[in-house]
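What follows is a single structure, written as structure tokens, with notes after it.
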There are 2 protein chains.
Amino acid sequence: MSHELTDRQKLILNLVIHEYVQTAQPVGSQNLVERFSLDMSSATVRNEMVSLTESGLLRQPHTSAGRIPSEEGYRYFVSRLAGSAELPQTTQRTISHQFYQMRYDVEQWMRLAASVLAHQSRSASLVTAPHPEQARFKHMELISTRGRQVLMVLVTAGGEIHQSMLTLPEPVTQGRLSQVANHITELAQGCQIEALKGLRAKLDALEVDVLDLIVREIGQADALKAGEVYLDGLTNVLAEPEFSGSDEARRALKVLEERSMLEDLLARTVLMNDVGGVQVLIGGEGTWEDLRQVSIVLARYGSPGLATGTLGVLGPIRMPYGRAISTVRFVAGLLSDLVVDSLGG
Amino acid sequence: MSHELTDRQKLILNLVIHEYVQTAQPVGSQNLVERFSLDMSSATVRNEMVSLTESGLLRQPHTSAGRIPSEEGYRYFVSRLAGSAELPQTTQRTISHQFYQMRYDVEQWMRLAASVLAHQSRSASLVTAPHPEQARFKHMELISTRGRQVLMVLVTAGGEIHQSMLTLPEPVTQGRLSQVANHITELAQGCQIEALKGLRAKLDALEVDVLDLIVREIGQADALKAGEVYLDGLTNVLAEPEFSGSDEARRALKVLEERSMLEDLLARTVLMNDVGGVQVLIGGEGTWEDLRQVSIVLARYGSPGLATGTLGVLGPIRMPYGRAISTVRFVAGLLSDLVVDSLGG
DNA sequence: TTTAGCACTCTATGCCCTCGAGTGCTAAAA
DNA sequence: TTTTAGCACTCGAGGGCATAGAGTGCTAAA
């Protein structure tokens, strides 16, 4: 679908996004031709826009308005951006300098990282402190309760007990549940979250479902232990025109402020990922009602065996993704170095 | 002026404030009589309202609307409230418990304090970390520049140099300035901020002006050193109806987020005060443009010679002052105890 | 001194209208 | 076949206008 775009269509999609990110206004064909001195007529642009709209990459707010990028459009844009852009050298140096001229103090690093992210991306930023110990899986039980509802009891090496309800696609006997629990307990004995993810290949469908729940629970436990969350630039988001006169922004920022929501968010997204990669969550991805109007760029930093944390920015969907992604990636790299330097080899 | 209110006028003022704080709607006479089953007619209430409006304690948003409290009205209300209300015993215990069951960790205390303040008052909260060392005055110079403009150079015991411009009410010769500088230098040698304030009685008018500037400068230096600022509940403010569809809230919250603004605010208000007292700043008090639509309840905590910090809440002018003040006072007392227990005797 | 009665004021709300940016389509031009 | 000029059409933003209702201030009676 999306891969079959002509070069001209890609150009126009890029220009529409570029323009809309700046102006926050629907982009018209005429407007586009003039602004960029395009070598074609507005009618041609309109025709291309029709294709792009049919492909689902552009939207019309109403019949007689210009186009704005759809969430799908942003995703396509972001996917083609992957890894390409780097923060300007001078900016990199300025930021590095700030970190390295600081004494060794994790709290200061966190605050500085949050501040840098917020200022560079003009969005809200969040940084969680790195935490050295990851929970290790020790034991699990699955208990059939009623129909497809199953209670999972999870014990970690530290002795903490976690409970969670799981709804299966179809009823399963207690015998089968015990079998699954034993199988996973045997395989996953002593595993940290990273290792758990690697087990998926050895399991059947039902077991994979259970494993994902375990990963989420342990991830949440890790996030909890991570403790401190550093926020900055919340007011940047409020300054965006799309949020004047609605409480969409408040609801999104509340996710950052409330531990429980944030833990859920982090557990389900970035904790599933490896360190290094940058993850982009556009418009809540249909899952998070409160995040429908915003996008989040997240990355993990640190060193898996040693200590890891999460950082990212939150802004309107109409976000300058290039800059946001490169900033997040750069700061994550920087913090990773600092963590490794100070803790590890 | 305000002291000459009849009991009935005080009652009506209280009711109007009580009602307006809840509904955020101008309060009409009829409405008030019905809601509180008053033993008088709406016409009587209207007559009293006219008096209160003439006294400047109530306002009419427009000719044919109900009344809302003026800032003066809130001030009167708050002044008559001083010290009276206490947080319910059960609430006090709940909060204390949370603090005392925590291990000794200042950062955790700060976060918990910010969280408690935000939740109890449903406003934004701020807490600055206690810092043990206060700057000590060492030396000062006053240099006449042009007309009534005077440059003050201030040296603290640590060797930091602070400069600040001072505008005098009338021109003063360099000779007199030097005399003032010498006098203050002599008296204030080695003094911390608290001791400086005690010197006011020994000084003449001009010298008091200069001293206040010194106190502010040193206070700002202290605030700077204090470093960490903990915020919570910023989104609570955004949920207030008076802020939907304007960026007044954003501008006020920005004051909390931006170090420089916050330092200015704290230096000029609460740092002038003694530990223990709660200070209420209503509608920016005509000084802070960005705070025109909000009120702030602040207190210092800690022990003057040992370590002090600042905490408070920020909400709409239409704030439940009783609850806010008692919460701030209680948490300040609690943190003071913790600081004294852990650092001092 | 209090209260009923009443004319008056002003906002909020809904409706209608116009204006204009932008569209989609068609037919001609390249 | 592709591009473009031309044109009728659509729809939201925004201004003007009338209406409804809450609340006032004043006057005169209780």
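Below, chains carry the letters A, B, ... as their sequence lines are ordered, and counting in each starts from 1.
Remark: B:Arg75 CZ is packed, more than 12 non-hydrogen atoms of other residues, nucleotides or ligands lying under 6.0 Å away. The environment of A:Gln60 atom CD is dense: over 12 non-hydrogen atoms of other residues, nucleotides or ligands sit within 6.0 angstrom. Residue B:Glu71 qualifies as enclosed at atom CD: its count of foreign heavy atoms under 6.0 Å is above 12.
Atom C1' of nucleotide C:dT23 and atom CE of A:Met49 are separated by 10 Å, given to the nearest angstrom. Here the C1' atom of nucleotide D:dC7 and the CZ atom of A:Arg46 are 11 Å apart, to the nearest Å. When the C1' atom of D:dT2 is taken as reference, atom CG of A:Asp39 falls 14 Å away, rounded to whole Å. Here D:dG25 presents its P atom at 12 Å from CG of B:Leu52, a figure rounded to the nearest Å. The nearest whole Å value for the distance from the CD atom in A:Glu54 to the C1' atom in C:dG24 is 12 Å. Atom pair B:Leu58:CG and D:dG23:P shows a separation of 15 Å (rounding to whole Å applied). The nearest whole Å value for the distance from the CG atom in B:Asn47 to the C1' atom in D:dG25 is 9 Å. What separates CD of A:Glu48 from P of C:dC25 is a distance of 15 Å, to the nearest Å.
Rotation axes derived from the C1' atoms of the five outermost pairs at either end of the helix from C:dT1-D:dA30 to C:dA30-D:dT1 lie 30° apart, to the nearest 10°.
For the pair A:Val33 and A:Thr44, the minimum side-chain heavy-atom distance is 4.5 Å or more. Using a 4.5 Å cut-off on side-chain heavy atoms (C-beta onward), A:Leu253 and A:Leu238 make contact.
For B:Glu54, there are no salt bridge (charged side-chain N to carboxylate O under 4.0 Å, His left out) partners two or more places apart in sequence or in a different chain.
Using a cut-off of 4.0 Å between Lys/Arg side-chain N and Asp/Glu carboxylate O, A:Lys254 and A:Glu257 are scored as not salt-bridged. By the 4.0 Å N-to-carboxylate-O rule, A:Glu242 lies close enough to A:Arg318 to be salt-bridged with it.
Nearest to the side-chain atoms of A:Ser64 among the listed nucleotides C:dT3, C:dG22, D:dT24 stands C:dG22. Listed nucleotides C:dT11, D:dG23, C:dA4 differ in distance to B:His62; the shortest reach to its side chain belongs to C:dT11. Nearest to the side chain of B:Arg8, among D:dA22, D:dA5, C:dT2, sits C:dT2.
Summarising the geometry, atom CD belonging to B:Gln9 is positioned 10.0 Å from atom CG belonging to B:Leu58; distances are rounded to the nearest 0.5 Å.
Across all strands, A:Gln60 comes closer than 4.0 Å only to sugar-phosphate atoms, never to a base (heavy-atom distances). When heavy atoms are screened at a 4.0 angstrom cut-off, B:Ser42 is found touching no nucleic acid atom at all.
For C:dT23, one of the phosphate oxygens OP1 or OP2 lies less than 4.0 angstrom from a side-chain nitrogen or oxygen of A:Arg67.
Positionally, the nearest nucleotide of DNA chain C for B:Thr44 lies more toward the 5' end than for the other of A:Val50 and B:Thr44.
Only at 4.0 angstrom or more do the heavy atoms of residues 16-28 of chain A sit from any atom of DNA chain D, so none qualifies.
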Inset, instruction - List the steps and the verdict of salt bridge (charged side-chain N to carboxylate O under 4.0 Å, His left out) for B:Arg8 and B:Glu48. - result: CA-CA 8 Å; B:Arg8 195 166 65 186; B:Glu48 296 291 30; 2.7 Å; yes
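Side-chain atoms of B:Thr63 and base atoms of C:dT9 include no donor and acceptor less than 3.5 Å apart.
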